[in-house]
Amino acid sequence: MSQVRVRFAPSPTGFFHIGSARTALFNWLYARHTGGTFILRIEDTDKERNSEEFLRVIYDSLAWLGMGWDEGPRVGGNGGGDHGPYRQSERAHIYREYLEKLKAAGRTYEKDGATWFKLLGERHEVYDEHRKKTVTKVKTAPMVIEDAIRGRVERVEDEDFVIVRSDGNPVFHFVNVVDDIAMRITHVIRGEDHLSNTSKHVALFEAFGVKPPIFAHIPLILKQNGPGKMSKRDQGALIEEYQRRGYSPEAVVNFIALLGWNPGDDREKMPIAEIVRLFDLPAVNQSNARFDDKKMAHMNFLYLQELPAEDYLARARAQLAAAGSAAPAAGGAAEVEAYVREVLELARPKIKGLDELPAYTAYFWGEDYPTDEKAKAKVLGKGEPKARLAELVEALRAPAADFGSDAALEAVIKALAEARGLGFGDYQGVARMAVTGLSAGPSLTSILRLLGRERVVARLERFAAAL
RNA sequence: GCCCCUAUCGUCUAUCGGUUAGGACGGAAGAUUCUCAUUCUUCAAAGCGGGGUUCGAUUCCCCGUGGGGGCGCCA
């Protein structure tokens, strides 16, 4: 059995869709699973777009998701190979060469300035109701598609089709097949939306006298709400969105791997090496999967919680910086570093995703933080907040209050409460609101300890004075 | 309209003819907790309809129906 060679062939549109990401992933997984070659081929025949900038989106997204390519454009250590160039815009001479082969075999003809591919069989004219025009049908034998996921699929291709436009540019079906032949692709793994087109491709392979590759048409990802497949306008459709929101790429990969594939048992969260080990084409589902952002978020949560401390710190800081947070940048004094680290670790188990971090930690980075007015009104509406605040100020100002440990602070507040026949909860709410502007967050005593006596007392007094 | 693919809880899915149809997300209830979140326990929730084949069908076949895709000088 020859080496597996698969390709991912995106066209640079300026977006990297989650569906594209999964197609890339399944190709990549199959290559890694079989020890084959993963090829990146850029389908940039549409010259009207600004390719350079749009190409970056593809390269960056693949890199972020951790999918390196063995052959393809040379970018950041990836690419190279003996079957280039890997951009269709640079392969015109190859298409010309293959077109000559077809011409020589008598399988083309010119019409309306374009070059058409000639199917084999009897011809007759028929009026197409749907397209409202007369078309020439060809009585052909069914094309057989050997699909690793769907089995044997037969489809009759009964109309000649254009392979080179009147402006001289070859069309997708033609270049796709030519490149797959020239690059010696063994398995074509792509979205099911191409299944109906595959009969055209098989006809071309046969015309070239080449045995078609094994096809594997993977199910599509449907939009979360409403009908149809996911499109770039749908929530959660773009990879850059996950990047921007601080999602773990490992979580995104794990999640999309599970959209249409599973290891055959109950496992969901799996290291990529394990997915590579278990992935195989016949195990891919045949029916479309609906996208679910809640489950995606949950997968991200799982990965976030187990991220090594250093990685978490770096990613959290990047997220804060991107959000314009006042959090100190890395490389400061050891004391500051320790503070940032502790604040971020305090927040970690409480958040679902890194995008919550800026709002969740705002009050740790300075005196300019927002107040949840609605929650504030609620807190002030019950009990005697003013009295409680005054008592807190007095107790926390006293040297006896040890800001060095959560337990000591808890003891101070509990003693205060006990002396008045109250509970910890009678102080917790107001204190939290006064010190953070929020009604929810990490443990109050941890917040107090980290902020320190001076800031805590100042905030309590300022808050009380405004009542 | 024609062609192709497809069909298990709301969603993602397990089951490769015989199961109390399992898991996960989401939902509900309870426990834990200084708030929130986590965590833990429990609960509700599915084989599209009709025919076959078979001792026996969620599972195999056919027909409907639903869903998806394709039918460009787009990719």
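All values reported here derive from a predicted model rather than from experimental measurement.
Checked against salt bridge (charged side-chain N to carboxylate O under 4.0 Å, His left out), A:E240 has no partners two or more places apart in sequence or in another chain. Applying the salt bridge (charged side-chain N to carboxylate O under 4.0 Å, His left out) criterion to A:D60, with sequence neighbours excluded, gives A:R56. For A:R290, there are no salt bridge (charged side-chain N to carboxylate O under 4.0 Å, His left out) partners, not counting sequence neighbours. A:R165 meets the salt bridge (charged side-chain N to carboxylate O under 4.0 Å, His left out) test with no other residue; sequence neighbours excluded.
Distance, A:M299 CE to B:G23 P: 17 Å, rounded to whole Å. The distance from atom CD1 of A:I58 to atom C1' of B:A75 is 12 Å, rounded to the nearest whole Å. Between the P atom of B:U13 and the CE atom of A:M270 lies a distance of 13 Å, rounded to the nearest Å. Taking atom CZ on A:F291 and atom P on B:U11, their separation rounds to 16 Å, with Å as the unit. The CG atom of A:D158 sits 13 Å away from the C1' atom of B:C4 (whole-angstrom rounding). Rounded to a whole Å, the CG atom of A:L396 is 14 Å from the C1' atom of B:C34. Going from atom CG of A:N285 over to atom P of B:C16 covers 15 Å, rounded to whole Å.
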Are any protein N/O atoms closer than 3.5 Å to N/O atoms in nucleotides 39-45 of chain B? If there are, list each pair with its distance.
none

Pick out the pairs of N or O atoms, protein on one side and nucleotides 63-70 of chain B on the other, that lie under 3.5 Å.
{"unit_1": "B:G68", "atom_1": "OP1", "unit_2": "A:G228", "atom_2": "N", "d": "3.0"}
{"unit_1": "B:G68", "atom_1": "O2'", "unit_2": "A:N288", "atom_2": "ND2", "d": "2.8"}
{"unit_1": "B:G69", "atom_1": "OP1", "unit_2": "A:K229", "atom_2": "N", "d": "3.1"}
{"unit_1": "B:G69", "atom_1": "O2'", "unit_2": "A:D193", "atom_2": "O", "d": "3.4"}
{"unit_1": "B:G69", "atom_1": "N2", "unit_2": "A:S196", "atom_2": "OG", "d": "2.9"}

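Residue A:S287 is classed as a sugar-phosphate contact, given heavy-atom separations below 4.0 Å to backbone atoms only. A:S166 comes within 4.0 angstrom of a nucleotide base, judged by non-hydrogen atoms across all strands. In this structure, A:A114 reaches the bases: a heavy-atom distance under 4.0 Å links it to at least one base atom across the strands shown.
At the phosphate of B:C5, neither OP1 nor OP2 sits under 4.0 Å from any side-chain N or O atom of A:Q286. OP1 or OP2 of B:A14 has not a single side-chain nitrogen or oxygen of A:R267 nearer than 4.0 Å.
In terms of modelled atom types and a separation under 3.5 Å, the side chain of A:S446 and the main chain of A:P442 share no donor-acceptor contact. Distance alone, capped at 3.5 Å, is enough to place a donor-acceptor pair between the A:D44 side chain and the A:S89 backbone.
Side-chain contact check for A:R459 versus A:Y369: some heavy-atom pair is nearer than 4.5 Å.
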If you look only at distance, which donor and acceptor atoms sit under 3.5 Å apart when one is on a side chain in residues 417-425 of chain A and the other is two or more places apart or in another chain?
{"unit_1": "A:R420", "atom_1": "NE", "unit_2": "A:E391", "atom_2": "OE2", "d": "3.2"}

Donor-acceptor contacts, no H, no angles, side chain residues 255-268 of chain A, under 3.5 Å, sequence neighbours left out:
{"unit_1": "A:N262", "atom_1": "OD1", "unit_2": "A:G264", "atom_2": "N", "d": "2.7"}
{"unit_1": "A:D265", "atom_1": "OD1", "unit_2": "A:R267", "atom_2": "N", "d": "3.0"}
{"unit_1": "A:D265", "atom_1": "OD1", "unit_2": "A:R267", "atom_2": "NE", "d": "3.4"}
{"unit_1": "A:D265", "atom_1": "OD2", "unit_2": "A:R267", "atom_2": "NE", "d": "3.4"}
{"unit_1": "A:D265", "atom_1": "OD2", "unit_2": "A:R267", "atom_2": "NH2", "d": "3.2"}
{"unit_1": "A:R267", "atom_1": "NH1", "unit_2": "A:E274", "atom_2": "OE2", "d": "3.0"}
{"unit_1": "A:E268", "atom_1": "OE2", "unit_2": "A:K295", "atom_2": "NZ", "d": "3.2"}

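Of the residues near RNA chain B, A:D266 and A:K294, the one whose nearest nucleotide (by heavy atom distance) lies more toward the 5' end is A:D266.
Counting only heavy atoms from C-beta on, A:K295 has its side chain closest to B:C25 among B:A75, B:U38, B:C25. For A:L444, counting side-chain heavy atoms from C-beta on, the closest listed nucleotide (B:A75, B:C34, B:U13) is B:C34. In this structure, of B:C5, B:A75, B:U13, it is B:C5 that holds the atom nearest to the side chain of A:R150. Taking the side chain of A:D292 as heavy atoms from C-beta on, and the options B:U11, B:U13, B:G23, the nearest nucleotide is B:U11.
Within residues 408-424 of chain A, the residues that have a heavy atom under 4.0 Å from RNA chain B are, in order of number, A:F424. Taking every heavy atom of residues 431-438 of chain A and every atom of RNA chain B, pairs under 4.0 Å involve A:R432, by number. Of the residues in residues 140-149 of chain A, not one places a heavy atom less than 4.0 Å from an atom of RNA chain B.
Screening residues 213-225 of chain A for salt bridge (Lys or Arg N to Asp or Glu O under 4.0 Å), with sequence neighbours left out, gives A:K223-A:D234.
B:C5 and B:G51 have their C1' atoms separated by 23 Å, with the value rounded to a whole Å.
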Salt bridge (charged side-chain N to carboxylate O under 4.0 Å, His left out) between A:K118 and A:E159, intermediate numbers included: CA-CA 8 Å; A:K118 192 198 288 177; A:E159 277 180 49; over 6 Å; no
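Across every strand in view, B:U15 sits unpaired, with no contact that passes the Watson-Crick or G-U test at under 3.5 angstrom.
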